[in-house]
Amino acid sequence: MQSNETILAVNHLKINFNTYAGKVKAIRDVSFDLKKGETLAIVGESGSGKTVTTRSIMGMLANNAVVDGGNIQFHDKDVLKMSERELENLRGAQIAQIFQDPMTSLDPTMRIGRQIAEPLMIHKGVKKEKAMAQALEMMKLVGITDAENRINDYPHQFSGGMRQRIVIAIALINYPEILIADEPTTALDVTIQAQILNLMRELQDKISTSIIFITHDLGVVAGMADRVAVMYAGKIVEYGTVDEIFYNPKHPYTWGLLSSMPTLDTNSAELASIPGTPPDLLDPPKGDAFAPRNPYALKIDTEQEPPFFKVSDTHYAATWLLHPDAPKVTPPDQIIKRQEKFAEMQKAALAKAQHHQIEEEEEQQ
Amino acid sequence: MELDNAKKVLEVKHLKQYFNVGKRDEVKAVDDISFDIYEGETFGLVGESGSGKTTTGRAIIHLYTPTSGSIKFNNQEIIGLKDHQKMQQFRRDMQMIFQDPYASLNPRMKVKDIVAEGIDINHLAKDDADRSKQVADLLATVGLNRDHASRYPHEFSGGQRQRIGIARALAVQPKFIIADEPISALDVSIQAQVVNLLKQLQRERKLTFLFIAHDLSMVKYISDRIGVLHYGRMLEVGTSDEVYNHPLHDYTRSLLSAVPVPDPEYERTRTQIKYDPKYEDGSKKRELVEIVPHHFVQCSQDEIPMYQERAKEMGLSVK
């Protein structure tokens, strides 16, 4: 249920943290937009700025964070310029968040029915009895069995997967326009993870929320996302539709990420790994921050930051390799295989479109 | 690997590890499991949280005293071993790498003292110079440099800390390493580095690994053979290719069907297999039975034909 209506636009966002060691440039010029009903996945390593980006959207930055430029447009208003009161109305009502750890994001001393009903009472002014009735409905919707009897239980009486369902129920009770899911399944087992992801997909269809999904698990991204943004060292280095990122990646960092994860049929003796560690953002390197770890780095990478090069209308990558004058390089084997699949898929799509056209023409005759 | 002629390094038989025995909240964390590990191989243990993976590892290395059963290491029974010298030898031969590189290193100790702790306890260094040399060699082996020796753990990243943990385990020249989720706390790009390091060390030092993890793709990649644990019981054991390509037990099938794959096409068409744990209510006595050569499934006598039929359907030669 996607439309082209943009509900959130982040423009040239820059965020620094003042620490005793100096200024940490956590977000260095990040721009993206979110369309109604879509799922945008942000992937990257820890420290790449995924979480800081979403916290700034919620107006929940730490005290030592300084916005160094840019804006976050939500319904023609800049979130970064909102007052604390306006932000309170935003959080939990229009934008809701689910966190990584369901063990620590619930209040251990409050019955879960009350916790689910609370956002309704606070934001919508719903009376307690009515709110509790809606909370019960929500519990059933997110698949908590025997909801009538469990509404007065405490969080510790639930398993990890059930707690994450409760967290989702709290986040969705006000039917927010945007749901930010920050590693929502990382703490869960694969079977439970699959259930929670299915639940999120179902609920998205039902209430057409847009989801910003933060994760480092590319397997989860492949199953959830409509579009993907890859972040490295406080910047987005590549973004595109899920098929474009997985089957036709252009940035060497995306290549590295995709090939360093073994799939169930990886058999090679050595796993392709990205050498080195992410850069220190106290003093980001000159030029492309990924250059020191990049086996495909060009001389210009150490001098000048690459701009975004257009691959298709929806797909952009910030790497000098896409410059017309850049030398042709051969990506890793796994990436070549993926690109072959992409070519096949495009051919199939084209054939289907032509077939469709011929059929239509025949019908007209 | 030729399994028929391989030497068994570790034989675990009917291992039981219960907690709070006799009390109302008795937990059967590991309930009668048996498996062998051959010399030079990597045996992967997979299962969900609470399945008993970590408990199994800890019982084997004798961090817990098992409730009952037998653990033989190089034909030496470990449970109830009273001989101090033999016990110390066992503790040298078997080492552990822990999950959380932030919690498993003492923040008040310098890296050289962390790495050399085993060397000191076992008197493996002739003098201080020898000790420093051994530490420097170990750090070089795991891809750190000798300047790192006089720093404290907080000065390192997660991947580097895990390398320190590996150097510490290698210090006493072990033959067998239990790696309990050694990469799950690390970033994707760093995980591959550590896995490659472990594989390289295994080749160079002829190590045997027990690799415990919940990331099924990584376990498949690193392991020669795999055991699937559920509710403290071993449900299926076989070579990793066999278990992943021809899973026989319903639980293994369900577990594999839930693994997210970094391939959007596959994800769009994925069907998840549901598993009903009622099957394991304990009403029948079930044991590991070899259905296909070297591929075991936990089943009762009357279920054997059913699994044999399954194996035949997948084109396997039934034992």
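Hydrogens, waters and symmetry mates play no part in the numbers below; they use all other heavy atoms, side chains included. Quick note on labels: first sequence line is chain A, next is B, and so on, each numbered from 1.
Contacts between B/Gln200 and chain A at a heavy-atom distance below 4.5 Å are absent for every atom of the residue. With a 4.5 angstrom heavy-atom cutoff, B/Ser49 touches chain A via backbone and side-chain atoms both. Only the side chain of B/Gln272 comes within contact range of chain A, with heavy atoms under 4.5 Å apart. Neither the backbone nor the side chain of A/Val221 comes within contact range of chain B; no heavy atoms are under 4.5 Å apart. Only the side chain of A/Tyr247 has a heavy atom closer than 4.5 Å to any heavy atom of chain B.
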Exercise for the section: Go through B/Lys199 and A/Leu271 one step at a time and tell me if the side chain to side chain contact (heavy atoms under 4.5 Å, CB included) criterion holds. Expected result: CA-CA 10 Å; B/Lys199 280 208 140 186; A/Leu271 212 50; over 6 Å; no
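B/Asp263 contributes atom CG, which lies 11.5 Å from atom CG of A/Leu218 (distance to the nearest 0.5 angstrom). With rounding to the nearest 0.5 angstrom, the CE atom of A/Met345 is 4.5 Å from the CD atom of B/Glu265. Between the CD atom in B/Gln160 and the OG1 atom in A/Thr277 there is a gap of 6.0 Å [rounded to 0.5 Å]. How far NE2 of A/His216 is from CD of B/Gln191: 6.5 Å, rounded to the nearest 0.5 Å. The CG atom of B/Asp215 sits 7.5 Å away from atom CG of A/Asp217, with the distance rounded to the nearest 0.5 Å. Here the OG1 atom belonging to A/Thr191 is positioned 11.5 Å from the CG atom belonging to B/Leu256, to the nearest 0.5 angstrom.
Between chain B and the options A/Leu257, A/Asp243, A/Val220, heavy-atom pairs under 4.5 Å are most frequent for A/Asp243.
Shown here is B/Arg146, whose CZ atom has no more than 12 heavy atoms of other residues, nucleotides or ligands within 6.0 Å. More than 12 heavy atoms of other residues, nucleotides or ligands sit less than 6.0 Å from atom CG of A/Asn198.
Of all non-hydrogen atoms in B/Ala192 and A/Ser273, the two that sit nearest each other are CB-CB, 3.5 Å. Closest heavy-atom contact between B/Ala258 and A/Ala194: CB-CB, 4.1 Å.
Side chain of B/Gln193 to backbone of A/Ile274: a donor-acceptor contact under 3.5 angstrom is found.
Looking at B/Glu267 and A/Val242, their side chains never come closer than 4.5 Å, going by heavy atoms from C-beta outward.
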